[in-house]
*Asks:* 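Provided herewith is a single structure, encoded as structure tokens, for subsequent inquiry.
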Amino acid sequence: MCVAVPGKIIEINGNTAKINVMNNITEADIRLVSAKPGDYVLLHAGCVLEVMKKDAAEELIELFQELGETV
Amino acid sequence: MITLEQVIKELGSYDGRPIKIMEVCGTHTSSIFKHGIRSLISPKLELISGPGCPVCVTSALYIDKLVEYSLMEKHCVLTFADMLKVKGTTMSLTEAKAVGGKVRMLYSPLSAIKLAKEEPDTQFIIAAVGFETTTPIYALIMEEVIKSNINNIRLLTSMKTILPALTYICDNEKGIDAFLCPGHVSVITGSRIYEELVMKYQKPFVIAGFEGEHILGAVYEIVQQITEGSFHTKNLYPSVVSVEGNKKAQELVEEYFEEVDDDWREIGRIPSSGLRLREKYHSYDAGSSFAASQTDSPKGCRCRDVVLGRIHPVDCPLFHKVCTPMNAIGPCMVSTEGACGIWYKNGGKNQ
Ligand code: SF4
């Protein structure tokens, strides 16, 4: 039930946004975030939960950098 | 910098004291299978599921009430798909539908509002079930209902919060050494909610995403913390999880809902672990009840031990033999996020 997927905002119209999720265009509520077209976002139950601060690849590289530092 | 290969090598050859890590979220349970994590790490590192499937811990009496509403004239239950197949004391929403019950899918806050406007003569009952990830969705519905003066939407609530459940487990279940914290719950709550647990229980609480690398990284971090004897909250999912979480979502939830002691199916009552509509919004409540509700597992079913991390699904004598997704005995087998269902789908082996 807590599954969320990443997508990219194409355009915003009031409280809703058109979002590209793995090449499918879907509409979602964006009242929970301040976002702009082009932003990568995390989507859950027809609603944007958060704007992604970095992409997934970058995050994984940083993860291993950080883990290395704790040893 | 450490490489993924080094992490796997270290975790595969780990020979220290046995460590039991609870993954709280069903999506993590699925990812652990998908990425074959158990086959990569030492048998001394045990991954066990916890109470992180909202559907599995929703009381049977709550589902009965949804069924009842679906069968009432001019009523319609709006629910997320996960809730459809779980049985109450008599039937599930899918079964209710088969005998004429009106049940429709809730796709988004907007879809609920749209339906309510299109069908003003139908009373829509929202099955407001979920953890912090989903609670803001119900708050958004409430905001729109009030703003647009909609009077044919009411909420039947069974919303739960994860922190009291983790506290309950730390207090009552011995032998869990560390927690893999739910990534998407943490997006809303922020990583700070785990600080008090770290302080109080002196265990690692590590937040991770759902890629194999995330999970291996989290297990590695946990092993480091335990080996060094120094415990803290670690956020390995910073692309979406911040320290403070999503403030807007928190404020919205705060506006409409308040804490309440709540019953968890299979576990029982946990103080301050639920949310209900605030007094001033009671007219939007569809009779959500927080009186003692049925929490017993069906006979022979060991869902209680599964959600408390005492056993793996394969340790239940009914698993696979009597209990399958087609003939599910307990909620953990029905729900797509339930540990028994996930283990079954993946061949039921402690791979
Ligand atoms: S396998 Fe079936 S009977 Fe056993 S604990 Fe899981 S849901 Fe219950």
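A note on names: the letters A, B, ... follow the listed sequences, proteins ahead of strands, and every chain is numbered from 1.
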*Asks:* Taking all non-hydrogen atoms of both residues into account, name the closest pair between A:Val3 and B:Glu337 and its distance.
*Replies:*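 Shortest heavy-atom contact: CG2-OE2, 3.5 Å.
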*Asks:* Return the option, out of B:Leu106, B:Thr134, B:Val185, with the maximum number of heavy-atom pairs under 4.5 Å with chain A.
*Replies:*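 Among B:Leu106, B:Thr134, B:Val185, the one with the most close pairs to chain A is B:Thr134.
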*Asks:* With side-chain contact (heavy atoms from CB on, under 4.5 Å) as the test, pick out the partner of A:Asp29 among B:Ile113, B:Ile141, B:Leu110, B:Ile137.
*Replies:*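 Testing each of B:Ile113, B:Ile141, B:Leu110, B:Ile137 against A:Asp29, the sole residue satisfying side-chain contact (heavy atoms from CB on, under 4.5 Å) is B:Leu110.
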*Asks:* In terms of heavy-atom proximity below 4.5 Å to chain A, should B:Tyr107 be classed as side chain, backbone, both, or neither?
*Replies:*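 Answer is backbone: N, CA, C or O of B:Tyr107 sit under 4.5 Å from chain A.
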*Asks:* For a quick test of your reading: what N or O donor-acceptor pairs under 3.5 Å do the side chains of residues 235-247 of chain B make, sequence neighbours left out?
*Replies:*
residue, atom, partner, partner atom, Å
B:Asn235, OD1, B:Tyr237, N, 2.9
B:Asn235, ND2, B:Val241, O, 2.9
B:Tyr237, OH, B:His184, NE2, 3.1
B:Ser239, OG, A:Glu59, OE1, 3.4
B:Ser239, OG, A:Glu59, OE2, 2.7
B:Ser242, OG, B:Gly245, N, 2.9
B:Glu244, OE1, B:Arg192, NE, 3.2
B:Asn246, OD1, B:Lys248, N, 3.1
B:Asn246, OD1, B:Ala249, N, 3.0
B:Asn246, ND2, A:Leu32, O, 3.2
B:Asn246, ND2, A:Leu49, O, 2.8

*Asks:* Select one option (side chain, backbone, both, neither) describing which atoms of B:Glu213 are under 4.5 Å from chain A's heavy atoms.
*Replies:*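 Both backbone and side chain of B:Glu213 come within 4.5 Å of chain A.
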*Asks:* If you count every heavy atom of other residues, nucleotides or ligands that lies below 6.0 Å from A:Met22 atom CE, does the total exceed 12?
*Replies:*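 12 or below, so no.
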*Asks:* Heavy atoms only: give me the nearest A:Glu50-B:Val187 pair and the separation to one decimal.
*Replies:*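 Closest approach of A:Glu50 to B:Val187: CB-CG1, 3.6 Å.
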*Asks:* Pick from B:Leu252, B:Thr227, B:Leu140: which one has the most heavy-atom pairs with chain A under 4.5 Å?
*Replies:*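 Top count of heavy-atom pairs under 4.5 Å with chain A: B:Leu140.
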*Asks:* Looking only at heavy atoms, which of residues 34-41 of chain A get nearer than 4.5 Å to chain B?
*Replies:*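 Listed by number, the contacting residues are A:Ser34.
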*Asks:* Non-hydrogen atoms of chain A under 4.5 Å away: do they reach the side chain of B:Glu144, the backbone, both or neither?
*Replies:*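 Backbone plus side chain of B:Glu144, per the 4.5 Å heavy-atom cut-off to chain A.
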*Asks:* Under the side chain to side chain contact (heavy atoms under 4.5 Å, CB included) test, which residues partner B:Leu163, sequence neighbours left out?
*Replies:*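 B:Leu163 satisfies side chain to side chain contact (heavy atoms under 4.5 Å, CB included) with B:Ile193, B:Glu196, B:Leu197 only.
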*Asks:* Output the option from B:Val129, B:Thr3, B:Val55 having the highest count of non-hydrogen pairs under 4.5 Å with chain A.
*Replies:*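 Heavy-atom pairs under 4.5 Å are most numerous for B:Val129.
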*Asks:* Which atom names give the shortest non-hydrogen contact between A:Ala45 and B:Pro109, and what distance separates them?
*Replies:*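 Shortest heavy-atom separation between A:Ala45 and B:Pro109 comes out as O-CD, 3.6 Å.
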*Asks:* Step through the shown structure and confirm whether more than 12 heavy atoms of other residues, nucleotides or ligands are within 6.0 Å of NZ on B:Lys345.
*Replies:*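 Counting neighbours around NZ of B:Lys345, more than 12 heavy atoms of other residues, nucleotides or ligands fall under 6.0 Å, so yes.
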*Asks:* Step through the shown structure and confirm whether more than 12 heavy atoms of other residues, nucleotides or ligands are within 6.0 Å of CZ on B:Phe231.
*Replies:*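 Yes, the 6.0 Å shell around CZ holds more than 12 heavy atoms from other groups.
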*Asks:* Any residues in residues 7-19 of chain A near chain B, with a heavy-atom distance under 4.5 Å, and which are they?
*Replies:*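 Near chain B, by residue number: A:Asn15, A:Thr16.
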